[in-house]
S.K.: 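Please find one structure pasted underneath; my questions will follow.
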Amino acid sequence: MATNTLTVPGNLESLKAVRDFVKHAATEAQLDKQSSYRLVLSVDEIIANIVIHGYDEAGLRGDIEVGFTVSPEHLRIDVFDRAVPYDPNLHRTPDNLDDPLENRPIGGLGVYLARQGTDDFQYEHVDGRNHNTFIVKRPPTTSDD
C-alpha cells in the first residue's frame, strides 16, 4: 500500500499542483482516463470551494493537505483544511439539471460533480479540521498465474 501527501497554500494558485498530484495518484492506481478525469474534477471542485468559501470569504488563510492511498481495491484521496467547517453532503442535489444553462443560476454544481465523480465521498470535521474523502474503485487486476 502506497501513501503520499502534498501540502499547499489555500489559494487558487495551488489548484494546478493539486490537479497534478491527483493525476499522479490516479496513474499510480492504474485508473482509466475517464475515472481519472472525474476524480480530478471532483477534488478540484471541493478544493476550489474550500479556498473561495472556507478561506477567502471568511477572511482566513491556511494550508490544504492532500494525501492519497492506493490499496488493491481502491484509490483514496484525503483532503484536510482548517477553513470554515462545511459539510458538502448537506448540499442538496440541484433539481434543475435538465434546464438549459441559460435558465439556471451560476454555481451549485461543484458538490454535485464531486459526488458523481467518485464511488464514495465522505466528510467529517474532527479536531478543528475539515476532512473530505474521495474513493474510487480500482480496476480488477489480472493474474497470469
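Since the model is a prediction, treat every value here as computed from it, not as a measurement.
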S.K.: Enumerate the residue pairs fulfilling ring pair (Phe, Tyr, Trp, His ring centres under 6.0 Å) with a member in residues 22-45, sequence neighbours excluded, ordered by first and then second residue.
M.R.: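 Passing the test, one end in residues 22-45: His24-Phe68.
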S.K.: Is there a side-chain contact between Ile77 and Leu39, using heavy atoms and a 4.5 Å cut-off?
M.R.: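 In short, these two side chains touch, coming nearer than 4.5 Å.
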S.K.: Return the set of residues passing side-chain hydrogen bond (donor to acceptor under 3.5 Å, both in side chains) with Asp120 (not counting sequence neighbours), or none when no residue passes.
M.R.: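 Listed in chain order: Gln122.
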S.K.: Would you find a donor on one side and an acceptor on the other, under 3.5 Å apart, between the side chain of Asn11 and the backbone of Ser14?
M.R.: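 Between the backbone of Ser14 and the side chain of Asn11 there is a qualifying donor-acceptor contact (under 3.5 Å).
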S.K.: Can you tell me how far apart OG1 (Thr69) and CD1 (Ile135) are? Round to the nearest 0.5 Å.
M.R.: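 Atom-to-atom, Thr69:OG1 and Ile135:CD1 are 9.5 Å apart.
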S.K.: Going by the salt bridge (charged side-chain N to carboxylate O under 4.0 Å, His left out) test, which pairs reach into residues 50-66, not counting sequence neighbours?
M.R.: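 Those involving residues 50-66 are Glu65-Arg129.
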S.K.: Taking only residues two or more places apart in sequence, or in another chain, which ones meet Arg76 in a side-chain hydrogen bond (donor to acceptor under 3.5 Å, both in side chains)?
M.R.: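 Result, side-chain hydrogen bond (donor to acceptor under 3.5 Å, both in side chains) vs Arg76: Asp78.
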S.K.: If you take all heavy atoms of Gly117 and Ser42, which pair is closest and at what distance?
M.R.: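 That would be CA-OG, 3.3 Å.
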S.K.: Please enumerate all residues that pass salt bridge (charged side-chain N to carboxylate O under 4.0 Å, His left out) together with Lys137, with sequence neighbours excluded.
M.R.: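 Lys137 satisfies salt bridge (charged side-chain N to carboxylate O under 4.0 Å, His left out) with no residue once adjacent residues are dropped.
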S.K.: Judged by modelled atom types alone, do Asn130 and Tyr86 share a side-chain donor-acceptor pair under 3.5 Å?
M.R.: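 No, no side-chain donor-acceptor contact under 3.5 Å.
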S.K.: How would you list, by chain and number, every residue that makes a side chain to side chain contact (heavy atoms under 4.5 Å, CB included) with Ala58, sequence neighbours excluded?
M.R.: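 Ala58: side chain to side chain contact (heavy atoms under 4.5 Å, CB included) contacts with Leu60, Val84.
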S.K.: Please report the shortest heavy-atom distance between Ala83 and Ile50, naming the atom on each side.
M.R.: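 Smallest interatomic distance, heavy atoms only, reads CB-CG2, 4.1 Å.
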S.K.: Considering non-hydrogen atoms only, spot the tightest contact between Ala26 and Ser36 and give its length.
M.R.: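 Heavy atoms only, the tightest pair is CB-OG, 3.3 Å.
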S.K.: Tell me every residue that passes side-chain hydrogen bond (donor to acceptor under 3.5 Å, both in side chains) with Glu73, counting only those two or more places apart in sequence or in another chain.
M.R.: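 Result, side-chain hydrogen bond (donor to acceptor under 3.5 Å, both in side chains) vs Glu73: Ser71.
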S.K.: List the residues meeting ring-ring contact (aromatic ring centres under 6.0 Å, His included) with Phe121, not counting sequence neighbours, and say none if there are none.
M.R.: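 Partners of Phe121 by the ring-ring contact (aromatic ring centres under 6.0 Å, His included) criterion, ordered by chain and then number, come out as Phe134.
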S.K.: Please round to the nearest 0.5 Å and tell me the distance separating atom NZ of Lys33 and atom NZ of Lys23.
M.R.: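 The NZ atom of Lys23 is 11.5 Å from NZ of Lys33, to the nearest 0.5 Å.
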S.K.: Can you get from Tyr123 to Leu75 by hopping between Ile, Leu, Val, Met, Phe, Trp and Tyr side chains that sit under 4.5 Å apart?
M.R.: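 Each belongs to a different hydrophobic cluster.
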S.K.: Holding to side-chain hydrogen bond (donor to acceptor under 3.5 Å, both in side chains), I want the full list of residues that pass it with Asp127, two or more places apart in sequence or in another chain.
M.R.: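 Expected list: none.
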S.K.: Are side-chain heavy atoms of Thr5 and Val66 found at a separation under 4.5 Å?
M.R.: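 Not in contact.
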S.K.: Can you get from Phe80 to Phe21 by hopping between Ile, Leu, Val, Met, Phe, Trp and Tyr side chains that sit under 4.5 Å apart?
M.R.: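 No, Phe80 and Phe21 fall in different hydrophobic clusters.
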S.K.: Can you confirm whether Asn132 sits close enough to Pro88 that some side-chain heavy atom of one is under 4.5 Å from a side-chain heavy atom of the other?
M.R.: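 Asn132 vs Pro88: side chains touch.
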S.K.: Can you list the residues that meet the ring-ring contact (aromatic ring centres under 6.0 Å, His included) rule with His53, with sequence neighbours excluded?
M.R.: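 Testing His53 for ring-ring contact (aromatic ring centres under 6.0 Å, His included), a comparison that skips the adjacent residues, returns none.
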S.K.: How many angstroms lie between CG in Asn49 and CD in Glu45, if you round to the nearest 0.5 Å?
M.R.: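 Between atom CG of Asn49 and atom CD of Glu45 there are 6.5 Å.
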S.K.: Count I, L, V, M, F, W, Y as connected when their side-chain heavy atoms are under 4.5 Å apart, and connections chain through other members. Are Val8 and Ile52 then in the same cluster?
M.R.: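 Yes, because Val8 and Ile52 connect within a single hydrophobic cluster, where side-chain heavy atoms sit under 4.5 Å apart.
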S.K.: Decide side chain to side chain contact (heavy atoms under 4.5 Å, CB included) for Gln30 and Arg138; before the verdict, give the C-alpha distance in whole Å, the side-chain angles of both, and the deciding distance to 0.1 Å.
M.R.: CA-CA 7 Å; Gln30 300 175 329; Arg138 294 184 65 202; 3.5 Å; yes
S.K.: Do Val70 and Val22 sit in one hydrophobic cluster, given that two such residues count as connected whenever their side-chain heavy atoms are within less than 4.5 Å of each other, even indirectly?
M.R.: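 Same hydrophobic cluster.
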S.K.: Under the salt bridge (charged side-chain N to carboxylate O under 4.0 Å, His left out) test, which residues partner Arg19, sequence neighbours left out?
M.R.: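 Arg19 satisfies salt bridge (charged side-chain N to carboxylate O under 4.0 Å, His left out) with Asp44 once adjacent residues are dropped.
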S.K.: Among Val18, Val51, Thr7, which one satisfies side chain to side chain contact (heavy atoms under 4.5 Å, CB included) with Ile64?
M.R.: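 Exactly one pass, corresponding to Val51.
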S.K.: Ile47 versus Leu15: any side-chain heavy-atom pair under 4.5 Å?
M.R.: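 Yes, close enough: below the 4.5 Å cut-off.
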